[in-house]
Amino acid sequence: MTKLRSSHRQSFRIGGQTYLWLAILIFGVSSAVTRKITEIGAQNFIGGSNPISLCNVLFVGNLCALIILTTIYWRNWNKATLKQLSFKNWFNLTIVAILSGALAPGLIFQALALTEVNNVILVGRLEPPLTLALSVWLLKERVNLWQVLGAIASFIGVMLTITLQPPTNAMMMNAGGFHIGVGELLAAVGSVALSISIIITKKHLLQIPAGIYSIFRTALGTVIFFFLALVLYGSDHFMNAFSPFLWRWMLLYAAIIIVVGQSFWIRGLKACTVSMASLASSFIPIIGILAAYLILGEVPTQAQYLGGSVILFGIFLSQVGISRQSSTQEKQTIENKIGFKGV
């Protein structure tokens, strides 16, 4: 009987690892897939414009995700549960929705339009060390020397990726003698917004039901992004937002990248250790760069090789630190460390 139980537990653990790695695979390819479907839209213009523009991907992708999330979590939105939420809860939810539901994805999607996918992926690694620093400063979390060294190395790698880009076109601007791409700068600001939203979530919103958190964040973020885009780009910007061609792609995109990816991630977290989840999430930039090469034909530049190598070294140091920690971390911490997830 004991052997049977042990075998059952072992099979469940292996199944959990499978879900975890499938989720990491989906998250890793998300940026390359996003760029690819916009290229498909560019080959199928409607009314003289691309129906799968990056803004339409974000807006309609969020609408599709909202439909799917509502179907899954509508029971969370009951009177008894909503009464338990205070004004402070709703205020913090609103701030998080603005930062991680509208501002960060909007900046990152704009970065995808201006620079290579590899740059967006590598600059996005600014989020984990910044989140770690803010956690120590604001949440008084304890970290060991290995984690600090890993965060510093990752930060240096991101800076190398940003500053060593060759000034090849008008999108580059000069700051203190360094050439900084606008796309890389937008990706960095998006990572800062995500880090701040993670800290707010960890400090104030961990007790909020997942259904309420996900639906409110997605819904409000979508509305805010829509009106910001109207102000910045004009009313014609979303004229193809309800094209059947766009919606067919977005339903598939939202279902796989957002819903399936998140579902696999959650199931994997329930069956695996925190250190295992952290190790798996560290492979996202590697998968992302491979996906950019296989899907888009993007060959890493010298700056990306150098910055990416330093980032990988930082990830290695961080993993050593995590493995040496005696106390386990909350799974929500690791869930927030994986960065951009498609929308």
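Between Phe216 and Trp77, the ring planes lie parallel to each other; the angle is under 30°, not in the 30° to 60° tilted range.
Looking at every heavy atom in both residues, Ser135 comes nearest to Lys202 through OG-NZ, 3.0 Å. The nearest pair of heavy atoms linking Gly28 to Ala291 is O-CB, 4.5 Å. Across all their heavy atoms, Val96 and Ile200 have their closest contact at CG2-CG2, 3.6 Å. Between Val310 and Leu160, the shortest heavy-atom distance links the atoms CG2-CD1, 3.9 Å. Listed here is the closest heavy atom pair of Val117 and Ala32: CG1-N, 4.0 Å. In this structure, Ser214 and Thr218 approach most closely via the heavy-atom pair O-OG1, 2.8 Å.
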Using atom types as modelled, flag every donor-acceptor pair under 3.5 Å from a side chain in residues 242-249 to any protein atom, sequence neighbours excluded.
unit_1	atom_1	unit_2	atom_2	d
Ser243	OG	Phe245	N	3.3
Trp247	NE1	Ala241	O	2.8

Using atom types as modelled, flag every donor-acceptor pair under 3.5 Å from a side chain in residues 205-212 to any protein atom, sequence neighbours excluded.
unit_1	atom_1	unit_2	atom_2	d
Gln207	NE2	His204	O	3.1

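Cluster annotation: Ile26 and Leu294 are assigned to distinct hydrophobic clusters (Ile/Leu/Val/Met/Phe/Trp/Tyr, side-chain heavy-atom contacts under 4.5 Å, transitive). In this structure, Val29 is a member of the same hydrophobic cluster as Ile40, with clusters built from ILVMFWY side-chain heavy atoms closer than 4.5 Å. Cluster membership check: Tyr233 does not share its hydrophobic cluster with Leu228, using side-chain heavy-atom separations under 4.5 Å among Ile, Leu, Val, Met, Phe, Trp and Tyr. Under a hydrophobic-cluster definition in which Ile, Leu, Val, Met, Phe, Trp and Tyr are linked whenever side-chain heavy atoms come within less than 4.5 Å, directly or via other members, Leu290 and Trp21 are assigned to the same cluster. Grouping the Ile, Leu, Val, Met, Phe, Trp and Tyr side chains by contacts below 4.5 angstrom, directly or via other members, places Leu296 with Ile257.
Side chain of Ser100 to main chain of Ala97: no donor-acceptor pair is present (N/O by atom type, distance under 3.5 Å, no hydrogens or angles). Listed for the Arg125 side chain is no donor-acceptor partner under 3.5 Å among the backbone atoms of Ile311. Using a distance-only test at 3.5 Å, with no hydrogens or angles considered, a donor-acceptor pair links the side chain of Thr94 to the main chain of Trp90. The closest donor-acceptor contact from the side chain of Asn144 to the backbone of Gly321 lies under 3.5 Å. The main-chain N or O of Asn89 is never found under 3.5 Å from a side-chain atom of Asn92 such that the two would form a donor-acceptor pair. Under a 3.5 Å cut-off, the side chain of Glu39 and the backbone N or O of Lys36 do not form any donor-acceptor pair.
Phe313 CZ to Leu149 CG: the interatomic distance, rounded to the nearest 0.5 Å, is 8.0 Å. Distance CD1/Ile286 to CD1/Ile24: 11.0 Å, rounded to 0.5 Å. Put simply, CE on Met159 and CG on Leu126 are 5.5 Å apart, with the number rounded to the nearest 0.5 Å. Separation of atoms CG (Leu186) and OG (Ser191) is listed at 11.0 Å; rounding is to 0.5 Å. Within the model, atoms CD1 of Ile289 and OG of Ser31 stand 11.0 Å from one another, a figure rounded to the nearest 0.5 Å.
More than 12 heavy atoms of other residues, nucleotides or ligands lie within 6.0 Å of CZ in Phe226, so this atom counts as buried by the packing criterion. The number of heavy atoms from other shown groups lying within 6.0 Å of CH2 (Trp146) does not exceed 12. For Phe155, the CZ atom counts as loosely surrounded, since its 6.0 Å shell holds 12 or fewer non-hydrogen atoms of other residues, nucleotides or ligands. More than 12 non-hydrogen atoms from other residues, nucleotides or ligands lie less than 6.0 angstrom from CZ of Phe45.
In the model, Ser49 has a side-chain atom that pairs as donor or acceptor with a side-chain atom of Asn240 under 3.5 Å. Looking at Asn50 and Ser53, their side chains never bring a donor and an acceptor atom within 3.5 Å of each other. For the 3.5 Å distance criterion, the side chains of Ser195 and Glu127 fail to qualify, holding no donor opposite an acceptor. In summary, the side chains of Thr201 and Tyr213 do present a donor paired with an acceptor at a separation below 3.5 Å, with no hydrogens or angles considered.
Listed by chain and number, the residues in a salt bridge (Lys or Arg N to Asp or Glu O under 4.0 Å) with Glu116 amount to none (sequence neighbours excluded).
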Please step through side chain to side chain donor-acceptor pair (under 3.5 Å) for the pair Gln147 and Ser318, ending with a clear verdict.
CA-CA 4 Å; Gln147 289 174 292; Ser318 297; over 6 Å; no

Worked verdict on Phe238 versus Phe59 for ring pair (Phe, Tyr, Trp, His ring centres under 6.0 Å):
CA-CA 9 Å; Phe238 293 105; Phe59 176 62; 5.2 Å; yes

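Each of Leu58, Asn62, Ile37, Asn56 was compared with Met250 under the side-chain contact (heavy atoms from CB on, under 4.5 Å) criterion, and only Ile37 meets it.
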